[in-house]
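Heads up: the structure comes next, in structure tokens.
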There are 2 protein chains.
Amino acid sequence: MLEPPRPTDAELAILRVLRRRGASTVKDAHEELARSSPTGYTTTLKQLQIMAEKGLVTRNESQRAHLYVARCPEEQTQTQLVGDLLDRAFDGSAARLVQRALSSRPASPEELAEIRQWLDQLEGETK
Amino acid sequence: MLEPPRPTDAELAILRVLRRRGASTVKDAHEELARSSPTGYTTTLKQLQIMAEKGLVTRNESQRAHLYVARCPEEQTQTQLVGDLLDRAFDGSAARLVQRALSSRPASPEELAEIRQWLDQLEGETK
DNA sequence: ACTTGTCAACGAAGAGTTTCGTAGATGGCG
DNA sequence: CGCCATCTACGAAACTCTTCGTTGACAAGT
């Protein structure tokens, strides 16, 4: 279990829900998911079972309705996905990726300020 | 041909080669690809055929050895992929994505300066 | 006990991706 | 012409992802 493969689209959607709700039964997770994209109950169940096998979520079986929890923090998932994209499509250039991100979505002044703060912090470390 | 689905891993690898080499025969593209991940000649051929169907590459059949060219500029692919990732895993927050990108790969001071330049330019536009 | 509702488990189907073996077309060369 | 190398075309197999129908277990109510 060294290299977690990157989560698929459906898996990311489920992780989003689990992180927002905390420990959830299949029923609860499914109801939330079905709001944005209607799908069968057993579909969500199957996804969660697979994700448990993969180690993306942990399962508490002490109750009849099992409880699922996201296993890794959102930060880790995000860092992994970004690093992956960096390698696959940006030749490792973080600067280029940032450029594309900012041109893809017009960021608010607040966001720009936040980013600037990050740059300050990083440059401070380098010195 | 409204919404091009995001390119798969294999497709991205091929687009990388085509953009570096320019118009290429299957043979040439395959030889370059096989260096990093050994695979059969017909595999590359099939990929290029599928990509031609999808419109990711164009094919010049005037010579016996067809010539393939990447159809969309790298910039467009990158913008699309980043926008996609933004939606799927970052709740649309470009600032968060930038943060993760910078913590995922230690960026060089030059890159940081480049990013800072971009921020200046964007803020200038807003005013 | 019987029925009903809720739940996990299982299996399978359909789509998309990736790989490759084989066949068919073409051009050059003896 | 007939042989050989090269290249595309075709089809199928293996794999993953996603979805869902069905089954069986279990608990609560009648």
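Atom set for the values below is all heavy atoms of this structure, side chains included, hydrogens, waters and symmetry mates excluded. Chain A is the first sequence line, chain B the second, and so forth, proteins listed ahead of strands; every chain is numbered from 1.
- Among B/Val82, B/Leu97, B/Asp87, the one residue that satisfies the side chain to side chain contact (heavy atoms under 4.5 Å, CB included) test with A/Arg105 is B/Asp87.
- Within residues 9-17 of chain A, the residues having any heavy atom closer than 4.0 Å to DNA chain D are, in order of number, A/Asp9, A/Ala10.
- The nearest whole Å value for the distance from the CD atom in A/Gln49 to the P atom in D/dT23 is 17 Å.
- Panel note: side chain B/His30, backbone B/Thr43; no donor-acceptor pair is recorded below 3.5 Å.
- Here the closest heavy-atom approach between residue A/Cys72 and residue A/Thr77 is recorded as SG-OG1, 3.5 Å.
- Looking at the side chain of B/His66, the nearest of the listed nucleotides C/dT18, C/dA9, D/dT8 is D/dT8.
- A straight line from CD of A/Glu53 to C1' of D/dT16 spans 13 Å, rounded to a whole angstrom.
- Listed by chain and number, the residues in a salt bridge (Lys or Arg N to Asp or Glu O under 4.0 Å) with B/Glu111 amount to none (sequence neighbours excluded).
- A/Gln63 has its CD atom 12 Å from the P atom of C/dC7, to the nearest Å.
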Given B/Glu11 and B/Arg6, is the side-chain contact (heavy atoms from CB on, under 4.5 Å) satisfied, shown in steps? CA-CA 9 Å; B/Glu11 286 169 349; B/Arg6 69 171 173 257; over 6 Å; no
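- Atoms CG (A/Leu48) and P (C/dA8) sit 9 Å apart, rounded to a whole Å.
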Given pairs defined as Watson-Crick or G-U wobble with both distances under 3.5 Å, what dot-bracket annotation applies to DNA chain D, with ( ) intrastrand, [ ] crossing, | other strand and . unpaired? ||||||||||||||||||||||||||||||
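- A distance of 11.5 Å separates CD1 of B/Ile14 from CD of B/Glu32, quoted to the nearest 0.5 Å.
- The CZ atom of B/Arg71 sits 14.0 Å away from atom NZ of B/Lys54, with the distance rounded to the nearest 0.5 Å.
- Legend: residues meeting salt bridge (Lys or Arg N to Asp or Glu O under 4.0 Å) with A/Glu31, ordered by chain and number and at least two apart, are A/Lys27.
- A/Arg16 contributes a side-chain N or O that, together with a main-chain N or O of B/Arg88, makes up a donor-acceptor pair within less than 3.5 Å.
- Nearest nucleotide to the B/Arg59 side chain, out of D/dT18, C/dA9, D/dA9: D/dA9.
- Nucleotide C/dC7 holds its P atom 12 Å from the OH atom of A/Tyr68, rounded to whole Å.
- Counting to the nearest Å, the C1' atom of D/dT8 and the CG atom of B/Asn60 are 15 Å from each other.
- Residues B/Ala107 and B/Leu102 approach most closely at CB-CD2, 4.2 Å, considering heavy atoms.
- Listed in residue order, the members of residues 19-46 of chain B having a heavy atom less than 4.0 Å from DNA chain D are B/Val26, B/Lys27, B/Tyr41, B/Thr42, B/Leu45, B/Lys46.
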Collect all protein-nucleotide pairs involving nucleotides 24-30 of chain D in which both atoms are nitrogen or oxygen and the distance is under 3.5 Å.
none

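- No hydrogens or angles considered: a donor-acceptor pair under 3.5 Å links the side chains of A/Ser62 and A/Asn60.
- The separation between A/Gln47 atom CD and D/dC20 atom P is 11 Å, rounded to whole Å.
- Distance CZ (A/Arg6) to P (D/dT16): 14 Å, rounded to an integer number of Å.
- When atom types are taken as modelled, the side chain of B/Arg59 and the backbone of B/Gln49 share no donor-acceptor pair closer than 3.5 angstrom.
- Proximity of A/Gln47 to A/Val26: side-chain heavy atoms (C-beta onward) are nowhere separated by under 4.5 Å.
- B/Leu119 and B/Val98 end up in the same hydrophobic cluster when Ile, Leu, Val, Met, Phe, Trp and Tyr side chains are linked at under 4.5 Å.
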